[in-house]
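What follows is a short report on a single structure.
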There are 2 protein chains.
Amino acid sequence: MTLTEENYLKAMFHLSAESVEVSVLDLSKNLSIKMPTVNSMAKKLAAKGLVIYEKYKPLTLTKEGKKAAGLIIRKHRLVEMFLVQKMGFAWDQVHEIAEQVEHIKSQIFFDRIDELLDFPKVDPHGSPIPDKFGAVLHQNYVKLEQCILNQKVVFKAVDSSQDSFLKLIDKLNLKLGDNIQVLDIQEYDKSMKVSVNDTFEIVLSQMVTSNILVQS
Amino acid sequence: MTLTEENYLKAMFHLSAESVEVSVLDLSKNLSIKMPTVNSMAKKLAAKGLVIYEKYKPLTLTKEGKKAAGLIIRKHRLVEMFLVQKMGFAWDQVHEIAEQVEHIKSQIFFDRIDELLDFPKVDPHGSPIPDKFGAVLHQNYVKLEQCILNQKVVFKAVDSSQDSFLKLIDKLNLKLGDNIQVLDIQEYDKSMKVSVNDTFEIVLSQMVTSNILVQS
DNA sequence: TATTTTTGTTAGACTAATCTAACTTTTTAG
DNA sequence: CTAAAAAGTTAGATTAGTCTAACAAAAATA
Ligand SMILES: [Mn+2]
Ligand SMILES: [Mn+2]
Ligand SMILES: [Mn+2]
Ligand SMILES: [Mn+2]
């Protein structure tokens, strides 16, 4: 499989987290690749048995395709964890590097990373690392955005890898595992005031709360 | 620069260690790519100012080209060192992986590797790591093959990355830094009997002695 | 339902990297 | 010094991945 094909599969996997089916337009936007190009790649992946393609219908990953995508995401997340835990990178520096390293062809390389990290289950952003068969343990996290007044939750993961977002979280002194309570929600812009570990209070815009994943 | 271009430059750099000028045929053999392909790539690299190309003449790297190649080789060797020193790989496992990782686009990634290794000067095979400007400190090593009877030398580097060769060196219990004395040279096949650290004696074929680099 | 907008597809072109077949130049050997 | 061999080049084809322009179908809206 080529690097390009791997990136398409990975994008489809991420997009189908919600809706299972993925439109050509969504993929196109997500990859910043024009629709006709996506269309022809979809046919190519279908010919390889990784995608179900029917004219004018949304795309679906086959079982095979899901597994392949899961294995690439596994490598991506293992690499991110290694970069943070073993090489001292900040969580906002690792996504771009992992985006490239995930395509290295070497089983032992990733096995060794896994071993050195003692077989981690999540990456530095709280996302689950798929197992050796490409299967992802589904997390039942919700967006902080959807929480109600006074609800108490735990900050479990982030839903964006944009470095400006991650840097903001750092600046706000928020960390995975923190206890968050919703103190106030502004009707107008959906911004939230929350308390963190009962020690300090911050205000978060909806753009931020929609990328914070929490568990009750 | 593309991965492919980087690999051509690197190959040229290696081949021009001896003769400065590189024939299209040599490059073709070295890369396992047919001559017409090499020819057109040579023109392309010439257009970018990295190679001097004149019809029917051998190829030469420009100053720019040499620097670019040196920087890729730097990455390759830093990665090999990291894989051995920090990730526990054997010296015969790292070349293939480094061949891929050397193309990662991320300055900080390689800078951090350099730092974690405490700015190493040689890779696990004894080859010098080019500096940040792509310049290589030239080593004055000779092949064990060329040594004379009774000469005492130090094993400094290997001249092949083939894993079967490296495994053989391991099996023979030879290590970089070992003191070697030439005890006997067979007229017929140029095989050598040598003593190692004055503790044991082994016989090496010419194929082996031609890939062992030593210093007096 | 009819029209407009959105989404998806086809056709055709382009670049990078590769190949084979045919031809030319240079080098080597008789 | 010529003929043969080796090395290098050109031409033309192929595959992967991308694009724009034009067209078609599906979905949304009036
Ligand atoms: Mn990531
Ligand atoms: Mn990627
Ligand atoms: Mn190497
Ligand atoms: Mn390489």
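Side-chain atoms are counted along with the backbone in the values below, which use heavy atoms only and exclude waters and symmetry mates. Residue numbering restarts at 1 for every chain, and letters A, B, ... go by the order of the sequence lines.
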Rounding to an integer number of Å, can you tell me how far [X] [atom1] sits from [N] [atom2]?
X	N	atom1	atom2	value
B/E54	C/dT26	CD	P	12 Å
A/K57	D/dA25	NZ	C1'	12 Å
A/L31	D/dT18	CG	P	9 Å
A/D26	C/dT7	CG	P	9 Å
A/I33	C/dT9	CD1	C1'	17 Å
B/L27	D/dA7	CG	P	14 Å
B/E21	C/dT27	CD	C1'	15 Å
A/L59	C/dT7	CG	C1'	12 Å

Counting heavy atoms from C-beta on, name the nucleotide in [options] closest to the side chain of [X].
X	options	result
A/Y56	D/dT9, C/dT18, C/dT9	C/dT9
A/S23	D/dT18, C/dT10, C/dG8	C/dG8
B/Y8	C/dG8, C/dT18, C/dC19	C/dT18
A/K34	D/dC19, D/dT18, D/dT9	D/dC19
A/L25	C/dT10, C/dC19, C/dG8	C/dG8
A/N39	C/dT9, C/dC19, D/dG8	C/dT9
A/P36	D/dA21, D/dT10, D/dT18	D/dA21

Worksheet item: Does one side chain, of A/E64 or A/T62, offer a donor that lies under 3.5 Å from an acceptor on the other?
Response: no
Does [Y] offer a backbone N or O that forms a donor-acceptor pair with the side chain of [X] under 3.5 Å?
X	Y	answer
A/E102	A/V79	no
B/R74	B/P130	yes
A/S16	A/M12	yes

Item to complete: Determine the sole option in A/S160, A/S161, A/P124 for which the side chain to side chain contact (heavy atoms under 4.5 Å, CB included) test with A/H95 is passed.
Response: A/S161
Classify [X] by what it touches in the nucleic acid, base, sugar-phosphate, or nothing, heavy-atom distance under 4.0 Å.
X	value
B/T2	sugar-phosphate
B/K43	sugar-phosphate
B/T37	base

Practice prompt. Find which nucleotide of DNA chain D each of A/K55 and A/M35 is nearest to by heavy atoms, and output the residue with the more 5' nucleotide.
Written response: A/M35
